[in-house]
Structures are given as C-alpha cells and as structure tokens.
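Have a look at the structure below, then the notes.
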Amino acid sequence: MARQQISAQPRAAMGKKVKRLRREGLIPGVVYGPAVEGVQPVAVTAKDFERIYLHAGTATLLDLVVDGGAPRPVLIHEVQHDELRRKLTHVDFLAPDMRAEITLTVPLQLTGESPAVQEGGILTELVTELQVRCLPDRIPHALEVDLGLLTEIGAQLTAGQLTMPAGVTLISPEDELLAKIDAPQVVVEPEGEEEEGAPTPVAAETEPEPEPEG
C-alpha cells in the first residue's frame with residue numbers, strides 16, 4: 001500500500017522570523033533522526049498538514065517530499081500548538097532507520113459490541129494507547145480492541161489479551177487494564193419521604209370542651 005505524501009520546502013527563516021511564515025499559511029518544522037544528517041529546517045502548508053495529521057496522527061509512516069526531491073519516510077514525532085488560538089505552530093518529523101526497530105505509542109481502536117453492555121453493563125475505557133516495538137514499515141495505524149470479549153458484568157480486558165499484528169511486539173505491561181464492564185448503578189429512594197404531589201394530612205377539627213358550671 002502506497003504511503004501518503006506530504007510536501008515541504010526548505011526553510012531559511014529562524015527565530016522570530018517564522019511568524020511571517022505562519023502569516024503566509026505555513027508551519028515551520030524540522031526533520032531529524034537516524035536517516036538524516038543533522039537537523040533540516042522545513043516548512044509545510046498548514047492546511048495540507050492539518051488534514052494529513054488528523055488522519056495519520058503520530059503512528060503512521062508518511063513520505064516527506066522536500067522541494068520536489070525523493071520521498072523520505074518519516075513519522076510526525078511531535079507538534080506544538082498555540083494555546084490561545086489552538087493552531088499548530090511547529091512540527092517535528094522523525095526520519096527513522098527503516099532497518100531498525102523503534103518503540104512508539106499506538107492508539108487503540110474499539111471494535112465490535114460487548115454482550116454485557118447489551119444487558120445493561122457500563123463500559124469504561126481506561127487506556128487509549130499502548131507502547132509497541134517494530135520496524136517502521138510494520139507500524140500499525142491502531143491496535144484493535146475487540147469488545148466482544150467482554151461478555152459479562154465485571155469482565156475486564158488487558159493489554160495481553162490483544163492480538164498483535166505480525167512483526168509487532170507489545171512493550172506496555174500485559175496486565176495493563178484497557179477496559180472493563182461495571183454493573184449499572186441502582187438509585188434507591190430514601191424511606192420516609194412523602195411522594196411528590198401527595199396531599200398533606202390535616203388534623204381533624206374537635207369541638208371545644210364545655211367549661212364546668214359554678
């Protein structure tokens with residue numbers, strides 16, 4: 001399957017000058033790693049990068065094409081955001097050695113349905129990603145979590161129960177809890193409270209006793 005490409009251009013602007021790049025719709029970044037010499041400053045189109053990053057995340061191998069050159073396999077290693085405007089401000093591309101295994105974090109993807117949930121159980125997802133080790137071209141986009149394994153109230157699913165893709169080794173602890181099924185909460189009405197809308201009892205009226213004569 002062909003990898004998705006992302007285009008970049010060499011970047012000369014450094015320091016405060018990168019603000020101009022951002023005003024022009026570009027995101028400054030760098031390329032580094034075992035497959036490159038030193039650190040290579042680049043810039044990518046913000047609109048194109050945001051679209052690719054939304055789908056690829058940090059666990060998908062991409063082909064980075066700088067200034068129309070040969071595609072270079074990279075991972076989106078880290079991104080920085082403007083906390084106020086929530087815009088991407090910088091991106092780090094990691095160029096791995098394609099012949100050496102790497103350790104990275106891969107997201108989890110829930111699949112199937114839990115029979116226990118259909119019976120009223122409450123599903124709680126405790127972990128959304130796990131660490132794995134593999135060659136760069138073996139990186140799974142996501143690890144599937146089969147909810148069908150949670151068959152009863154109180155059932156739990158651990159990392160060791162997942163089926164790893166070929167060539168992928170689980171690094172996270174096998175006993176790490178991923179999801180569980182809890183019993184539904186039962187609300188018990190406190191005793192002694194009057195029902196809403198019920199009439200308030202009224203004491204019966206009595207005639208006054210006659211005063212003694214004399």
Side-chain angles (χ1 to χ4, degrees), residues 1-110 125 127-145 164-172 176:
M1 183 177 177
R3 288 191 289 267
Q4 190 170 9
Q5 286 194 354
I6 179 169
S7 299
Q9 62 188 56
R11 173 170 62 92
M14 300 290 180
K16 295 182 179 179
K17 294 182 180 179
V18 298
K19 292 183 179 180
R20 180 178 178 182
L21 291 177
R22 298 188 182 106
R23 288 196 296 267
E24 295 174 353
L26 299 173
I27 302 175
V30 292
V31 184
Y32 56 83
V36 297
E37 294 184 4
V39 178
Q40 300 179 359
V42 296
V44 295
T45 303
K47 184 177 180 180
D48 292 341
F49 177 80
E50 289 172 356
R51 173 178 53 82
I52 293 173
Y53 179 56
L54 181 64
H55 172 73
T58 58
T60 301
L61 204 61
L62 306 170
D63 278 339
L64 182 67
V65 179
V66 180
D67 201 22
R72 181 188 301 280
V74 299
L75 291 164
I76 300 173
H77 189 248
E78 185 178 357
V79 295
Q80 297 177 17
H81 296 83
D82 183 314
E83 294 297 334
L84 296 177
R85 301 180 181 179
R86 302 305 302 169
K87 290 186 177 181
L88 295 173
T89 59
H90 193 274
V91 55
D92 290 2
F93 293 103
L94 173 66
D97 181 349
M98 297 298 290
R99 298 169 297 179
E101 291 188 336
I102 60 174
T103 298
L104 75 164
T105 301
V106 175
L108 300 181
Q109 180 179 357
L110 303 181
E125 185 182 4
V127 174
T128 59
E129 57 188 18
L130 290 174
Q131 271 201 334
V132 301
R133 186 171 182 81
C134 59
L135 291 172
D137 59 0
R138 293 277 190 171
I139 298 172
H141 180 67
L143 295 173
E144 292 189 352
V145 179
M164 292 291 111
V168 179
T169 302
L170 176 67
I171 299 300
S172 295
E176 185 163 2

Open item on the list: Please evaluate residues V36 and R72 with respect to the criterion side chain to side chain contact (heavy atoms under 4.5 Å, CB included), reporting the C-alpha separation (whole Å), side-chain torsions for both, the decisive distance (0.1 Å), and the verdict.
Closed with: CA-CA 10 Å; V36 297; R72 181 188 301 280; 3.3 Å; yes

TODO: May I have the step-by-step check of side chain to side chain contact (heavy atoms under 4.5 Å, CB included) for V91 and V79, ending in yes or no?
DONE: CA-CA 4 Å; V91 55; V79 295; 4.0 Å; yes

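Once rounded to the nearest 0.5 Å, the distance linking CG of L62 with CD of Q4 reads 6.5 Å. Atom CG of L26 sits about 5.5 Å away from atom OG1 of T45, to the nearest 0.5 Å. Atom OG1 of T103 sits about 5.0 Å away from atom CD1 of I171, to the nearest 0.5 Å. Here the CD1-OG1 distance, from I76 to T60, works out to 8.0 Å after rounding to the nearest 0.5 Å. In this structure, CD on Q131 lies 9.5 Å from CG on L170, to the nearest 0.5 angstrom. Distance check, rounded to the nearest 0.5 Å: CZ of R138 to CD of E101 gives 10.0 Å.
Smallest separation of non-hydrogen atoms from P96 and A35: O-CB, 3.5 Å. Scanning both residues, V18 and A13, for their nearest heavy atoms gives CG1-O, 3.7 Å. Taking every heavy atom of both residues into account, H77 and T58 meet most closely at O-CG2, 4.5 Å. For D82 against T89, the heavy-atom pair with the smallest separation is N-CG2, 3.6 Å. Taking both residues in full, the closest heavy atoms of D63 and R3 are given as OD1-NE, 3.0 Å, listed atom of the first, atom of the second, then distance. In plain terms, the two heavy atoms of R11 and A43 that are nearest each other are CB-N, 4.1 Å.
No donor-acceptor distance shorter than 3.5 angstrom exists from the side chain of D67 to the backbone of G69, with no hydrogens or angles considered.
Looking at heavy atoms from C-beta onward, D48 lies out of side-chain contact with I6 at the 4.5 angstrom threshold. At least one side-chain heavy atom of M98 sits under 4.5 Å from a side-chain heavy atom of L61. Annotation: side chain of C134 is not in contact with side chain of I102 (no heavy-atom distance under 4.5 Å). A heavy-atom distance below 4.5 Å is not found between the side chains of V106 and V168. Taking 4.5 Å as the limit, some side-chain heavy atom of M164 sits within range of a side-chain heavy atom of L143.
The only member of V30, V44, V66 that meets side-chain contact (heavy atoms from CB on, under 4.5 Å) when paired with F93 is V44.
Heavy atoms of other residues, nucleotides or ligands lying less than 6.0 angstrom from CZ of R22 number more than 12.
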